[in-house]
Amino acid sequence: MPAAALADAAQVTLSGLATGGLYAVLMLGVILVFQVSKNINFAYGQTGMVGVFLSYFLYAVAGIPVVAALLAGLALALLVASLTDRLIIRNIPAREGFDLVVTLGELLLLTSLAQLAFGTNAQSYLKLLTNWTTVRGGVFINANDILCLLLGIAVTLGGHIVLTRTSLGTSLRASAADAAIAKSAGINVLGLRTAVWTVSGLLAWVAASLFAARLSVNAFYMTPIVINVFIAGMIGGLDRYWPPMIAAFTIALYQSWAIYLFGEAAGTPAVFILVILLLSLVPKRYLEERHEARA
Amino acid sequence: MTALLKLDRVSVRFGGLAAVTDVTMAFSPGSLTGLIGPNGAGKTTLLNAISGFTAITSGHIAMNEIDLSPLSAAERARLGVVRGFQTVRLLERETVFDNVLVGCERLPQPGLLGQLLALPPERRCRARDLAATETTLRDLGLLPIAHRRVDELPFASRRLTEIARLLVVRPTVLLLDEPAAGLDTRDRRALVESIRTYHEAGGLTTIIIEHDIELVRRLCPYSVALDMGRIIASGSPNEVLSEPAVQQAYFGVRSGA
Amino acid sequence: MGFRSVLTCFGTGSLMVLAMLAVAGPAGAAGCNPNEKSPGVTATTVRLGATMPLTGSAAAGGLGAGAGAKAYYAMVNAAGGVHGHKIDFTLLDDEYSPAAAERQMRVLIERDHVFAIAGGEGTPNFLAVVPLIEREGVPAIGPYAPSSELGTMKTPHVFMTAVNYITEFAIMTRYVRESDYARSFSLVGVQGNVGDDAKAGMEQGIGNPSIKVDYIPEIPGTPDFTPIATQLRRENAEWTFLILTNTDTGELLEAMHRIGYNPRTAAWAGMNDPGYIKAFGPVSQDMIVAEETAALDSSDPLVQQFVTQFTKETERAPGKFEELGWVQAELVVKALQDAKALTRSCLMDSLEQIRDFKTGLLPPITFGPDRRQGVNAVGLVQIKGGKVVEIVPFRALD
């Protein structure tokens, strides 16, 4: 393979994996919330977005020091996430699909509020290492790409270690499988649920910050990203761990290559073709084990 | 002897339905009590009330003079009130080992940071929990299947796994709801022996709901009969079973008929 | 049926068809009928409507243009309206989506019974509603929807002031060829008419079939621009032309910069926006941008009058999109004022009479009985530092 083509292949692969790393960060929050509280939060991406937009406004417009601005943005994301659970999810009827509808409404609300508060223009965010690049063999290795990839791997491995090797992980798995058993074993299921939603806010903020550095920040930028994450979750199964986390990396890499080979217009159809193929070819037994039919 | 667990005029109503009415009972430390009665008598509701899964409408429940009413089910479990369920409830996609390990969550655990960083306190707690789990599994004969998924196991092993989860950390009060349901004769016998062994070794205060009268006779020195939410008899199993009210409730038979 | 009966039927049928044609006439040339019944006009109001992207990645354009239009109508209403009629302007969100645009246009026409469509922002979304507009015979004035499918007598109810992208990109490309002797070009454009027109314009501007344009269609809202940037780097064109949303343009340029590909760039007029330059100025230096509306710091008195009036109405300074909306409204009001009566046919007639209408914000506008493309000129500016510098004043394609 000619060197230029190899360099291009490496470039697309690196970028795809970096995006996949951030998808994995988001995915952990999605599967934790789904498994522990049995909900899907469509406003997940916007939770991160409002935190990032607030940070931007504070440091770029109000002149607040960057670290303080970032912490304020993080606090907002955590607040939005935990309030979504406590004020919205816990108060809606326990009918299937209600959480989807209500959090979709929250997505629209947060988007509108962000537009009102921060305007409609896209804003260039903090660099977060996107301006550090080294060239090896014609491949432009950007530090932010490496950061996102390593973060995705760390979160994936760390999530697995927490879930399988710690008391917290035992409590989470018990709460996810059967709240009554968890309660009878002394686990504070409600408290754990609030903690899970809050952690999901943290993960959303981290991913949203890094995406903002790679793209820009505006009221809508997280929406197509979160859609891809949910698709990866649907492929892997939101009630599992490794399959959706691997699907997060895979779908980003796959989409990058589809765009590179067939053009940008192929990006979205390629993903849906993949979903249809997998649903057709994967053994039914594998699918029937999974209970999140709604996903 | 001072009672460990006291129920004082406990009532539970669900809307217009009185499930439990004015129940007053006291359980001494290390007692083993059978709770009997026909279907719908309020036995499971009473267990739910003691364990915190159902709120009481009036009355008091106290353990070691601690009022349990304001405490959640999880808080009562951490105090040592553990309960089994009428139908076997397990974490279906987990192994026998991990199902039993969950029971160790009743013990104090280190903070999140300690867990994430595997600091010494976390490592000690983890070792403690793993050791307790292994011991319990060995005692109940479950060690050979410890790493099998529970949804692959026969019913008797599943029931025993659930009981292992309750016993892995010595409870103060053990509540069992029809633990023998669905078991054949041999497994029932084995279950009875396991419960008796643990009870005698640990001095557990145990309350067992059972429809198997013979099991209650063999296992429980003391029993209480409920019907329509009220206590209708209490005493040794033979005394309780010969009470006319109990015979009427269970068999529809009047004394002397 | 006898021969005489057949002839009678045929003759009668033909007369009926001829009668219908006489009444309908050739499309768009019916003339002013003051007695025509037109919806949207009461004794005191004239109802106008438009759909623009108010949410989504193109929202900056719709919100800005909407604000400009509303400010103008507020000013006119405060001065008494048009012939004693206040303007009642409804703006609906089409999310830059053809499906949403069609849905909202139905609301305006079928539910709200607007008199005319006043403005619009975005090409694929407006193109989707043109069949409905033509079918219902609603005059649509000055939508910002540059497309070669509009501005001809095929769509006689749509009066265009936006230069189509073929002309815009032809003018830009010709300038680049003449000034830089460029020999290799790539284009990244929104998939569909927008990108296709830009490519056609570039080819026209290049004027040499041996020089190809490497065209990459794009869909708004991409989460990762590195694959596209890598494709562009592979082709390694000297110049990359862009016709994307502002957000996507900036993000693509940043992705190109990260992988070490930094060609000369040129883009459609949307990049001539303070918000874009503030956010993405560092990666857009020396970008050549089409100028469809006058520079806001121009010394032209008409431009200064707009800036003053808009600021007074809204208590904020206008941007390019606000300027666009304002001039759309200005054209609408002129047509209403000049109309012999407030009927749709009279409004159409009034528009067709517009000759060399100088707003200062656009090149002079001229329509006609067979002319629906009112403007055919653009200027060129270049991004330098945090602002744009004019390099070519308004000029038409010769």
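Below, all heavy atoms of this structure are taken into account, side chains as well, without hydrogens, waters or symmetry copies. Letters go in sequence order (proteins before strands), and every chain restarts at 1. The structure presented is a predicted model; accordingly, all values stated were derived computationally and were not measured.
- Heavy atoms of A:Ser216 lying under 4.5 Å from chain C belong to its backbone as well as its side chain.
- Heavy-atom pairs under 4.5 Å with chain A peak, among C:Asp273, C:Asp224, C:Thr247, C:Asn246, at C:Asp224.
- In terms of heavy-atom pairs under 4.5 Å with chain C, the best-connected choice from A:Thr268, A:Leu215, A:Ile259 is A:Leu215.
- For the residue pair C:Ser147 / C:Thr123, no side-chain donor-acceptor distance below 3.5 Å is found, with atom types taken as modelled.
- Of all the listed residues (A:Phe220, A:Phe211, A:Tyr125), the one sharing the greatest number of non-hydrogen pairs under 4.5 Å with chain C is A:Phe220.
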Check your understanding: Going through the distances and angles, do C:Thr293 and C:Glu323 end up as a side-chain hydrogen bond (donor to acceptor under 3.5 Å, both in side chains)?
Key -> CA-CA 7 Å; C:Thr293 52; C:Glu323 185 183 18; 3.0 Å; yes

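- Most heavy-atom pairs under 4.5 Å with chain A: of the set C:Gly260, C:Gly62, C:Gly281, C:Pro282, this distinction falls to C:Gly260.
- Residue C:Ile259 touches chain A through both its backbone and its side chain, counting heavy-atom pairs closer than 4.5 Å.
- When each of A:Thr111, A:Thr130, A:Thr133, A:Leu14 is checked for heavy-atom pairs under 4.5 Å with chain C, A:Thr130 comes out on top.
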Exercise for review: Could you check C:Glu95 against C:Arg103 for salt bridge (charged side-chain N to carboxylate O under 4.0 Å, His left out), going step by step and ending with a plain yes or no?
Suggested key: CA-CA 11 Å; C:Glu95 304 161 29; C:Arg103 191 176 62 241; 3.8 Å; yes

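- Between the side chains of A:Trp257 and A:Thr13, at least one donor-acceptor pair of N or O atoms lies under 3.5 Å.
- Comparing C:Thr55, C:Asp248, C:Thr245 by how many heavy-atom pairs each has under 4.5 Å with chain A, the most go to C:Thr55.
- When the candidates A:Met222, A:Gln11, A:Gln115 are compared by the number of heavy-atom contacts under 4.5 Å with chain C, A:Gln11 comes out ahead.
- Contact annotation for A:Ser256: both backbone and side-chain heavy atoms come within less than 4.5 Å of a heavy atom of chain C.
- Within a 6.0 Å sphere centred on CZ of C:Arg316, other residues, nucleotides and ligands contribute more than 12 heavy atoms.
- Using cut-offs of 30° and 60° on the angle between ring planes, the pair C:Phe169 and C:Tyr165 is perpendicular.
- For chain C, no part of A:Phe262 is nearby; none of its heavy atoms comes within less than 4.5 Å.
- Proximity to chain A (any heavy atom under 4.5 Å) is shown, for C:Glu218, by both the backbone and the side chain.
- There is no contact between C:Leu252 and chain A, counting heavy-atom distances below 4.5 Å.
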Check your understanding: What's the verdict on side-chain hydrogen bond (donor to acceptor under 3.5 Å, both in side chains) for C:Asp93 and C:Gln104, showing C-alpha distance, side-chain angles and the deciding distance?
Key -> CA-CA 7 Å; C:Asp93 181 13; C:Gln104 297 287 48; over 6 Å; no

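- Heavy atoms closer than 4.5 Å to chain A are found in the side chain of C:Gln191, but not in its backbone.
- Put simply, of C:Pro223, C:Gly275, C:Gly64, C:Pro217, the one with the most heavy-atom pairs under 4.5 Å next to chain A is C:Pro223.
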Practice item. Begin from the C-alpha positions of C:Thr230 and A:Asp8 and carry the test side-chain hydrogen bond (donor to acceptor under 3.5 Å, both in side chains) through to its verdict. Key: CA-CA 6 Å; C:Thr230 308; A:Asp8 281 355; 5.6 Å; no

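- Below 30°, between 30° and 60°, or above 60°: for A:Phe57 and A:Phe118 the angle between ring planes is between 30° and 60°, a tilted geometry.
- Among the candidates A:Ile153, A:Leu147, A:Asp145, the single residue satisfying the side-chain contact (heavy atoms from CB on, under 4.5 Å) test with A:Leu149 is A:Ile153.
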